[in-house]
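Note that the numbering runs from 1 along the sequence shown for the chain.
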Amino acid sequence: NGLRSVCRRQLIGRLKKPLARIQEFQGGGGYPASFEYYELIMEKGNIIQLHIDDMSSDGNGIGRSEGQVVFVEGCVTGDDVKARITKAKKNYALAECLEITEPSPLRNEGFCPYSKECGGCPLGDLKYDVQLETKEAWVREKLTRIGGLEDPTVRPIMGMDELSEE
């Protein structure tokens, strides 16, 4: 649930609120003296490992760390990445991808040489069939979350018959 067992001294300046217990040790014996728990927060500049579970509609990968949602630029669903936190908020964090440690099998490399600069195809790094499935999931999620529909019927997104090579 996002908690880590660490020494209290490591948390000074990083505490959000008391939540669970962190073990403190007496002397050099290594036996627990008392227990206190704290929730850790994301900090700007921290480097974290993430598995990308989903994608936002602007093409950022979505992962979770320390119980918080992290939006990571340049990642697709299924990637395992090393990322640096660029902005930390109460309920989420923004991060830049430093390294894709394990690329997703859904990744479509080389789709467009300008995709990073122009931003016109935020799902361009996904295989085409996965792009269509992702768009369908977004429509369903918005109808549920914003429209208040419990289980909306959504037709499959219509794709192109042939993909353009241009």
Side-chain angles (χ1 to χ4, degrees), residues 1-7 10-11 14 16 19-20 38-147 149 151-166:
N1 66 4
L3 294 178
R4 230 190 253 175
S5 181
V6 294
C7 177
Q10 292 174 322
L11 293 175
R14 297 179 59 209
K16 185 173 181 183
L19 180 70
Y38 294 92
E39 182 177 341
L40 301 178
I41 60 170
M42 298 287 214
E43 288 181 338
K44 183 177 178 179
N46 283 358
I47 296 176
I48 57 175
Q49 295 282 340
L50 287 173
H51 177 75
I52 304 301
D53 301 319
D54 202 354
M55 290 185 71
S56 65
S57 56
D58 59 358
N60 289 328
I62 302 173
R64 285 168 179 68
S65 178
E66 303 294 343
Q68 286 186 307
V69 173
V70 182
F71 297 94
V72 187
E73 291 182 36
C75 301
V76 301
T77 304
D79 281 343
D80 288 324
V81 301
K82 183 187 290 187
R84 178 182 293 118
I85 302 297
T86 57
K87 189 175 203 173
K89 294 293 204 172
K90 181 179 177 183
N91 297 320
Y92 69 94
L94 304 179
E96 63 180 337
C97 181
L98 299 176
E99 175 185 358
I100 298 173
T101 55
E102 182 70 33
S104 171
L106 307 176
R107 185 171 274 284
N108 180 25
E109 294 294 340
F111 166 73
C112 173
Y114 306 106
S115 66
K116 302 293 184 236
E117 290 85 28
C118 87
C121 43
L123 298 180
D125 288 334
L126 283 174
K127 292 180 179 175
Y128 187 65
D129 59 329
V130 178
Q131 290 180 30
L132 298 177
E133 292 168 9
T134 301
K135 291 174 183 180
E136 183 180 326
W138 288 345
V139 170
R140 183 175 288 105
E141 186 268 334
K142 299 229 182 331
L143 287 172
T144 302
R145 186 172 50 86
I146 298 170
L149 302 175
D151 189 19
T153 301
V154 177
R155 292 183 182 171
I157 302 295
M158 291 175 54
M160 298 181 287
D161 293 332
E162 291 184 38
L163 294 178
S164 172
E165 295 296 323
E166 298 175 25

With sequence neighbours excluded, give me every salt bridge (charged side-chain N to carboxylate O under 4.0 Å, His left out) pair touching residues 50-60. D53-R64
Heavy-atom closest contact (G78 atom, H51 atom, distance): O-CE1, 3.6 Å
Can you list every salt bridge (charged side-chain N to carboxylate O under 4.0 Å, His left out) pair that touches residues 127-136, not counting sequence neighbours? E136-R140
Over all heavy atoms of both residues, which pair between T77 and L126 is shortest? Give the atoms and the distance, please. N-CD2, 4.4 Å
Where do C97 and E73 come nearest, in terms of heavy atoms and distance? CB-O, 3.3 Å
Does any non-hydrogen side-chain atom of D80 lie less than 4.5 Å from one of Q49? no
K142 NZ: over 12 foreign heavy atoms closer than 6.0 Å: yes
Please check this pair: side chain of Y128 against backbone of N108, looking for a donor-acceptor N/O pair closer than 3.5 Å. no
Kindly compute the distance separating CG (N60) from CD (E96), expressed to the nearest 0.5 Å. 12.0 Å
Under the 3.5 angstrom rule, does the side chain of D79 hit a backbone N or O of S104 as a donor-acceptor pair? yes
If you compare all heavy atoms of R84 against all heavy atoms of L98, which two are closest, and at what distance to 0.1 Å? NH1-CD2, 3.5 Å
Do E43 and I85 have side-chain heavy atoms sitting under 4.5 Å apart? no
Identify the heavy atoms of Q68 and Y92 that sit nearest to each other, and give their distance. NE2-N, 4.1 Å
I62 and V69: side chain to side chain contact (heavy atoms under 4.5 Å, CB included), yes or no, with the steps? CA-CA 7 Å; I62 302 173; V69 173; 3.7 Å; yes
Atom of T144, atom of P152 and distance for their closest heavy-atom approach: OG1-CD, 3.5 Å
Taking L123's backbone N and O only, do any of them form a donor-acceptor pair with Q131's side chain (distance below 3.5 Å, no angle check)? yes
